Amino acid sequence: MGMNVWVVGASNVDVIAKCRDKVIAADSNIGTVEKAAGGVGRNIASALRAMGFDVSFLTAIADDEYGHLIASGLKEEGIKLCSEMLSGPDDRTGVYCCIFDNDGTLVCAVNDMKINEHISASLVLKHKDALIFSDYVIIDANLPIETIKAIASLDVKLVADCVSTVKALNLSDVLENIFLLKANFFEACVLAEVQGVEPDEEGLQTIMEALVAKGLRRAIISLGGKGAFCYEVSGTGTRGYESPVIDGLEVVSTNGCGDVLLAGFLRTLADGLPMEDAMDYGQMASGINARSMVAVSPELSYELVKKRMEK
């Protein structure tokens, strides 16, 4: 395919706990605990690689056990790591600790991501020429605001992931510069400054109109078990499309599924298919990924997505 993308964002190690039965709060639950490379930026980079893109990744990791785990994993996947390991006395690779219910639903999570402060505007701009000549630049909202603004000022096709309702606000001032935004329903509400709406047709229309008024021309809004919605502003106006969850979905974990949805959407767009097809392909990729405990399933590929779509 030969499409080159740059991802600038967070990487960390996921410590993933899944309860055998329905979670009991304030008690010790029987289940499984696994450890794997993760982080929104890293997950997106991995998913894009699985979708067939050539991926360069700029992140912040420390010269410690978890940093080496992430670096070796990226090498195995064929992702170019464009960062040097940090070795300051307070530097430690990020950790994301999450607990899932027995049905794969996230119960709660704690993240330690201070190291991302090292992904500065000056560091990113050292790679300015490579960023400008890439087909897409994907960022996550874990980045410092000044870094986000520096990237948004470049002449690039910018894709942004909100990460969380708190981090989403880091993107507020650059919405006009974003080619594609990926948000969940609550993150979209925060950016749209809309309150008291439901994730139904009327609520999504309200959010879409508010985001378009802020200059955001294209977005994916994930709706959890209800599927996902996307919209696009073109010369003929604004059109929206809602894609349901894949029937008969076997959910082991929802970890990383939003990142895979984004990657599948971008690959389908890159193949010249319309937004509606991109949304359905992204949903299929996300559904395949939900069968794995790790953030990006080892079986994920664009060829598999296409094969499932043909069925």
Side-chain angles (χ1 to χ4, degrees), residues 5 7 9-18 32 34-53 55 57 70 73-74 76-79 96 98-107 109 138 140 159 161-163 180 182-185 220-230 243-271 277-311:
V5 299
V7 179
S11 55
N12 54 255
V13 165
D14 291 337
V15 179
I16 309 163
K18 185 177 182 182
T32 59
E34 298 183 13
K35 184 169 62 178
V40 175
R42 196 219 69 90
N43 291 349
I44 292 172
S46 181
L48 287 166
R49 184 65 186 138
M51 291 294 107
F53 288 96
V55 184
F57 183 34
I70 291 168
L74 293 170
E76 288 176 8
E77 292 180 44
I79 297 169
Y96 175 76
C98 53
I99 299 173
F100 289 91
D101 215 335
N102 62 332
D103 64 358
T105 302
L106 179 66
V107 176
I138 298 95
D140 69 52
V159 179
D161 188 293
C162 286
V163 178
L180 173 67
K182 202 277 284 183
N184 66 26
F185 178 76
I220 299 170
I221 301 174
S222 58
L223 306 172
K226 294 184 177 181
F229 172 82
C230 62
S243 180
V245 170
I246 304 300
D247 288 337
L249 188 62
E250 177 191 350
V251 178
V252 174
S253 170
T254 58
N255 185 31
C257 286
D259 306 320
V260 169
L261 168 62
L262 174 60
F265 185 96
L266 283 175
R267 173 59 200 268
T268 312
L269 278 189
D271 271 4
D277 287 347
M279 190 78 267
D280 290 340
Y281 273 65
Q283 280 286 80
M284 179 58 75
S286 178
I288 293 170
N289 198 66
R291 301 185 307 189
S292 172
M293 272 293 285
V294 296
V296 179
S297 171
E299 73 169 330
L300 184 68
S301 71
Y302 192 54
E303 289 70 27
L304 178 59
V305 173
K306 288 195 293 184
K307 186 180 295 184
R308 296 287 170 84
M309 289 298 295
E310 290 168 1
K311 290 182 179 180

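Heads up: numbering here begins at 1 and tracks the sequence. These figures come from a predicted structure and were not determined experimentally.
Of the possible donor and acceptor atoms, one in the side chain of T254 sits under 3.5 Å from a partner among the backbone N and O of G104. Between the side chain of D14 and the main chain of I16, no donor-acceptor pair closer than 3.5 Å is present. A donor-acceptor pair under 3.5 Å is formed between the side chain of D140 and the backbone N or O of G41. A distance-only check finds no donor-acceptor pair linking the side chain of S46 to the backbone of R42 [under 3.5 Å].
Across every non-hydrogen atom of Q283 and L261, the tightest pair is N-CD1, 3.5 Å. Across C162 and A183, no two heavy atoms sit closer than the pair SG-CB, 3.6 Å. Between V251 and D103 the shortest heavy-atom distance is CG1-O, 3.6 Å. V245 and G227 get closest at one heavy-atom pair: CG2-N, 3.4 Å.
Salt bridge absent: E76 and R49 never bring a charged side-chain N and a carboxylate O closer than 4.0 Å.
We find the CG-CG distance between L262 and L266 to be 4.5 Å, quoted to the nearest 0.5 Å.
When each of D280, V260, I220, V159 is checked for a side-chain contact (heavy atoms from CB on, under 4.5 Å) with F265, only I220 meets the rule. None of I44, N289, L48 except one satisfies the side-chain contact (heavy atoms from CB on, under 4.5 Å) rule with D259; the exception is I44.
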Check: residues 294-308 side-chain donor-acceptor pairs under 3.5 Å, at least two apart:
from : atom 1 : to   : atom 2 : distance (Å)
S297 : OG     : E299 : N      : 3.2
E299 : OE1    : R291 : NH2    : 3.1
E299 : OE2    : R291 : NE     : 3.4
E299 : OE2    : R291 : NH2    : 2.6
S301 : OG     : L304 : N      : 3.0
Y302 : OH     : D271 : OD2    : 3.2

